[in-house]
Every structure is written in structure tokens, then in C-alpha cells.
Amino acid sequence: MAKAKKRTAIKRVEKSVFLSKSNINLSLACKSTAFLLFENEQTTLNSSTKLLILSQYVPVMKFVLLHMLSVVLLGTGNVAHHLFDAFYPKEDIQVIQVFGRNIRSLSSFEAKCAVTSVPENIIDADVYIIAVNDDAILEVSKLLANKEGLVVHTSGSVSKDNVVAARKGVFYPLQTFSPKKGVDFSSTPICIEADTLQDLKILEVLAHKISGTVHLVSSAQREKLHLAAVFVNNFTNHMYVIGQEICSKEELPFDLLKPLISETANKLRFLSPDKAQTGPAKRNDILTMQKHLDALENPIQKKLYQLISESIKEQNEEKL
């Protein structure tokens with residue numbers, strides 16, 4: 001029965017578009033999409049609803065399969081550089097221009113694509129990706145108010161509605177970016193959001209060109225996701241900085257801690273964070289914790305130690 005439904009879906013989708021020999025990839029894409037919709041046993045949609053959704057995919061699928069997606073990047077910072085490097089080798093994505101205020105930073109893109117620092121010279125594209133500081137997103141988006149393309153930003157904490165454009169969205173790669181340190185985009189989750197199904201599909205196709213993990217996430221959800229990311233990434237890295245300072249004062253190499261750091265992260269592949277928690281606060285080792293506090297000279301670090309230990313103890317007590 002399920003196979004028959006899938007065959008029916010494929011036939012109805014293929015009849016809804018003109019498929020010539022040159023459009024064979026579109027046929028395959030329709031089959032793949034139909035398969036995914038009907039193979040997913042967890043979905044609660046009935047067949048007619050799935051077909052309705054599928055029929056709306058077709059115009060966008062036809063566009064992205066038969067045309068190269070053109071992209072303009074706005075920004076010259078870490079995120080812009082890493083996105084450019086990820087998109088550049090892809091045959092069906094063309095970064096046609098990079099816009100930025102910093103002439104010196106723009107020069108690093110000149111050998112591979114057009115660049116401009118003049119808003120009036122921003123050219124037409126299918127997708128405009130704003131990769132700038134959060135407080136500059138609104139102003140930069142205003143430069144694109146008259147453009148017909150889809151305008152998205154890459155921030156984790158800024159609402160989609162902070163973009164001034166007829167077609168707007170979010171293209172948020174959930175990753176940490178540092179200068180001169182490559183990023184494996186194939187395993188980097190990309191969170192997308194848009195106002196229409198067609199624009200959402202464009203972003204989905206664009207994201208899947210560089211990543212194997214793409215999620216539809218609302219602005220409200222993304223804000224909380226970004227908050228969680230600050231805890232697991234930014235705050236964690238700051239703990240590394242403190243650990244490095246403590247080692248440095250005792251003339252110990254920070255490398256001694258790296259296997260511990262790696263094992264702490266690797267354990268999360270098999271255990272939930274609460275199950276992986278260890279240490280003196282978890283076992284309420286008051287004597288050890290007091291020794292650590294006495295050894296800390298920096299009052300902020302001392303306060304951090306106390307607050308985090310209290311948080312660990314409280315969480316552990318709740319589960320007893």
C-alpha cells in the first residue's frame with residue numbers, strides 16, 4: 001500500500017511539470033522528495049496534504065535545478081570568509097559579489113569575485129547573505145530594500161523581522177568561526193527560516209549544498225539555541241583560558257589538559273551532559289572545593305568557581 005502511494009505521488013508530481021530530456025534531474029528530484037515525504041513514518045500528514053506540499057516544491061525545485069544560484073555576500077568578517085570558502089567550489093552556486101565597508105578586507109576576495117564598497121553598486125542576485133555584526137544587520141538590509149532577491153542574515157540572536165526586504169529569512173550556521181581556521185561545513189548544522197515555502201526551499205537547497213544537517217528553526221527557537229551555544233562554546237572556551245592561566249603560573253604546559261578536554265567532549269557522543277558530569281561539586285567534596293577556592297587569587301575566578309559549583313550541586317540534588 002505504501003509503495004503504491006509513493007508511485008502515485010511520483011506520477012502526480014511529474015505530470016505537474018513539463019519534463020523534457022534536459023529536465024531529467026528535476027524528475028529525479030521529484031522522486032526523491034516524494035520518497036522522503038511518504039517514507040517518513042513519524043509524520044502526521046495525510047497523503048493529500050503531502051501532495052499539496054509537494055506540488056508547491058516543484059516551481060522552486062525547477063528553478064534551483066535548472067539555474068545556478070547566484071549569491072551576494074555582505075560582510076568581510078569571519079562568517080563571510082568561511083561561507084565564501086564553502087560556496088566557492090560548488091558548481092551550482094556562484095558568489096558573484098562581496099560587499100563591505102572595509103577596503104582592506106575586501107581585497108582578500110578580489111581574486112575570486114567582484115567586490116564593492118559602494119551600496120549603489122550592489123548587483124542583482126538570487127540570494128543576499130548579510131554576515132555582519134548583529135547591530136549592523138538592520139542598516140545593511142536597508143541597502144537591499146529595492147532588491148527582488150531573497151535577503152537573509154546569519155545571526156543566531158537576531159529576529160528574521162530585523163531584515164528590511166520584501167523577501168527575508170535567516171541562514172544561521174551553528175558553528176564557531178575563527179580567522180585562518182577552516183570549518184567542516186558538511187557537519188555544521190544550518191538553521192533556516194523564511195516567510196514563504198518557496199523561499200524556505202531555496203534556503204534549504206542552498207544549505208544542503210554545503211551541509212548535511214539543515215533545520216527549520218523559528219526566530220524564537222533560534223534565540224534560545226544561540227543562548228545554549230554561548231554556554232557550551234563561548235563560556236566553555238573561557239574556562240580553557242582560565243585553565244591556561246593557572247597552568248602558565250605554575251610553568252605547566254596547557255597541552256597536559258588537552259586529552260581531558262577531548263574526552264569530555266567525546267563522551268557526549270554516548271552520554272547526556274547530566275550523566276557525563278563528574279568532579280568535586282558533583283560528589284559534594286567540600287574539602288577539595290575549599291582548597292581550590294583558597295588557591296584562586298583572582299576574585300572573579302573565585303566567584304565563578306563558587307557559582308558553577310553551586311549550580312552543579314543544585315542540579316545533582318534535584319535528581320536525588
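Heavy-atom basis, side chains included; hydrogens, waters and symmetry copies ignored.
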Name of the residue among [options] meeting side chain to side chain contact (heavy atoms under 4.5 Å, CB included) with [X]:
X: L144; options: L150, I130, V164; result: I130
X: V98; options: L74, T116, T76, V72; result: T76
X: M68; options: E91, K90, Q94; result: Q94

Next item on the list: Report the C-alpha separation of E110 and S107 in whole Å, then their side-chain angles, then the decisive distance to 0.1 Å, and conclude whether the side-chain contact (heavy atoms from CB on, under 4.5 Å) test is met.
Entry: CA-CA 5 Å; E110 277 186 310; S107 63; 3.8 Å; yes
Check: Heavy-atom distance under 4.5 Å between the side chains of L83 and F185, does that happen here?
Finding: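 Yes; the side chains approach each other to less than 4.5 Å.
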Item checked: Heavy-atom side-chain proximity of S219 to E193 below 4.5 angstrom -> yes
Margin query: Could you check whether D195 pairs with R167 (Lys NZ or Arg NE/NH1/NH2 to Asp/Glu carboxylate O, under 4.0 Å)?
Written below: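 Looking at D195 and R167, the cut-off is not met.
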Notebook entry, point to check: Salt bridge check: are D255 and K258 linked by an N-O gap of less than 4.0 Å?
Noted result: yes
Using modelled atom types and a 3.5 Å cut-off, is there a donor and acceptor pairing between side-chain atoms of [X] and backbone atoms of [Y]?
X: S218; Y: Q221; result: yes
X: K267; Y: A276; result: yes
X: H82; Y: N78; result: yes
X: S155; Y: D134; result: no

Checklist line | Centroid separation H153 to F171 less than 6.0 Å | finding: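 Distance test on ring centres: not under 6.0 Å, no.
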Note to self: For F109 and H81, I'd like to know if the aromatic rings sit close, meaning centre-to-centre distance below 6.0 Å.
What the structure shows: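 That pair passes the under 6.0 Å test.
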In the single-linkage hydrophobic clustering (I, L, V, M, F, W, Y; side-chain heavy atoms under 4.5 Å), do [X] and [Y] co-cluster?
X: I123; Y: I93; answer: no
X: I210; Y: I96; answer: no
X: F99; Y: Y88; answer: no
X: V170; Y: V158; answer: no
X: I129; Y: L200; answer: yes

Notebook entry, point to check: Is the Y305 ring parallel, tilted or perpendicular to the H292 ring (thresholds 30°, 60°)?
Noted result: perpendicular
Next item on the list: Give a yes or no on whether L256 atom CG has more than 12 heavy-atom contacts from other residues, nucleotides or ligands under 6.0 Å away.
Entry: yes
Notebook entry, point to check: Passes side-chain contact (heavy atoms from CB on, under 4.5 Å), H215 versus T213? Steps please.
Noted result: CA-CA 7 Å; H215 294 274; T213 309; 3.2 Å; yes
Margin query: For N316 and Q277: C-alpha separation, side-chain torsions, deciding distance, then whether side-chain contact (heavy atoms from CB on, under 4.5 Å) applies.
Written below: CA-CA 9 Å; N316 190 53; Q277 186 69 58; over 6 Å; no
Notebook entry, point to check: Relative to Y128, does K147 satisfy both conditions: NZ or CZ under 6.0 angstrom from the six-membered ring centre, and within 45 degrees of the ring's axis?
Noted result: no
Next item on the list: Determine, stepwise, if the pair E310 / K313 fulfils side-chain contact (heavy atoms from CB on, under 4.5 Å).
Entry: CA-CA 5 Å; E310 284 299 319; K313 287 195 295 180; 3.2 Å; yes
